[in-house]
Amino acid sequence: MKISRILILLLLTIPAQVLLLKVLGQQFYWFDLLLLLTLYIAFYIQGIPLIYIALALGIIKDALSGGLIGLNGFSFPILALVCMILYTRLKISKFYAQFMLIFSLSFLNAMIITFISWVFGIDIIYPSILEYIYTGLGNGILFVILMNLPKIFIRQNKLTPGRYNVR
Amino acid sequence: MKNLYKKHKLLFHLIAVLLLQIILLSLQIQTSKNISIFSTAVSTVVTPIQSGSDFTFRKIADTWNNYVTFRNYKDMYWKAKKRIYELEKQMVLNDRLTKRIEELEALLKFHKTYNFKNEPAILTGVGPSSQFKTIYVNKGSSSGIKRFSPVINNLGLVGIVILTTPITSQVQLATDANSSISVVTGLGHVRGVLKGSGNDLMKIEFVDKLEHVRVGEKVYTSGMDHIYPPDILVGTVVNVSLDDELFLSITVKPTVDFAHLDSVLILIRESVVPEDLKLLEGLE
């Protein structure tokens, strides 16, 4: 995956995230597009670059959220690395497997942020387990849709671009 | 180290990134007391370890202190024991001194009450006869000793001066066969005449058989004979029996140990009452 592609995706993701929250309301923070982008990148980039890309995305999210810089900057590299390992080891390709992976990592992200907030004594409203689940579900569903929508689109139009060539 | 870095390059970078984020967070966040959150976080992690270490070290320190205290107490115990021993010794000495002071006070009181001058004397010899109990002392007429001066020591009555020379005096002991002393018993206040028997015991004569005299009673001089001042301890009743139909036979053991006499006090009457003088002349 090229840097340019990542940058394009990033440029798309940031306004999408902001608009999504604006349209749906701020209570719908279950959809974390920057997290999904990070995990998506983790499917294709491995090693040290992944860590720094995840770090950058995390810091961007922190900057956008108006909160403290470092919360997502801390969690995103971990999640990216876990995602990379699981994806490469388990050869995840099925929808439900992808969903489960994203669901778990979203859940893990929420837990890491909660833990860091607790350790640093940051005054946040700690989410309940139910909210963790909602976030995981939202992210999982959205990721599966976004991940596989191009494939479906390409199949229907008989296109074979790059990696998504199913033959 | 280089190999380790190469082997775990990814992990190193991840840790570096995470640490960077932690530092970043701690730099941003301040608590209400302006304490760095990083410090707070570190404290949160470190405090239990610190508490555990503190607890352990405190326990060790307490144990050590207890041991040292115990050792100190042990030393203190032995010092205290030694001190107690010394104090007990001192107490015995004090008792002796107190007794001695009491004796001297009694003698002083005696001197003030009866207007007697005291002349201490040391025993120089003992009379040769076994029937006549006499001793010689180193004070005579040159020291103001007169005939019929009572002689006492710290235990009680010794006797009376019967002969004086310029430098010595002969003292008739209370146990002498010729000795007669007007006495009174301590409890029943029974009066009588104490006579020597020539041995270590004395007898009280002319006590009515109806009188109650008990064994163990103290016997004092009564002062009725105008020779001996009253209330000088003479001896203790050791036996009471019926002598005949009229009088009791009372045996008295002297309080003074005549066998171990060393020093005595001769009582010199400063002003002789005419009645006494007549009596003394009669005795002569």
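The structure presented is a predicted model; accordingly, all values stated were derived computationally and were not measured.
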Enquirer: Could you check whether B/K89 pairs with B/E86 (Lys NZ or Arg NE/NH1/NH2 to Asp/Glu carboxylate O, under 4.0 Å)?
Expert: no
Enquirer: Would you say the side chain of B/L201 lies within less than 4.5 Å of the side chain of B/T175, judging by non-hydrogen atoms?
Expert: no
Enquirer: When only heavy atoms count and the cut-off is under 4.5 Å, which of residues 74-84 of chain A reach chain B?
Expert: A/F74, A/P77, A/I78, A/L81, A/M84
Enquirer: For B/D200, I'd like to know if atom CG has over 12 heavy atoms of other residues, nucleotides or ligands within 6.0 Å.
Expert: no
Enquirer: Check side chain to side chain donor-acceptor pair (under 3.5 Å) between A/Y52 and all other residues, then give those that pass, not counting sequence neighbours.
Expert: B/H13
Enquirer: Give, as side chain, backbone, both or neither, the part of A/I48 having an atom under 4.5 angstrom from any heavy atom of chain B.
Expert: both
Enquirer: Are the side chains of B/V238 and B/V252 in touch, meaning some heavy atoms are under 4.5 Å apart?
Expert: no
Enquirer: Rounded at 0.5 Å granularity, tell me how far CG in B/N239 sits from NZ in B/K253.
Expert: 13.0 Å
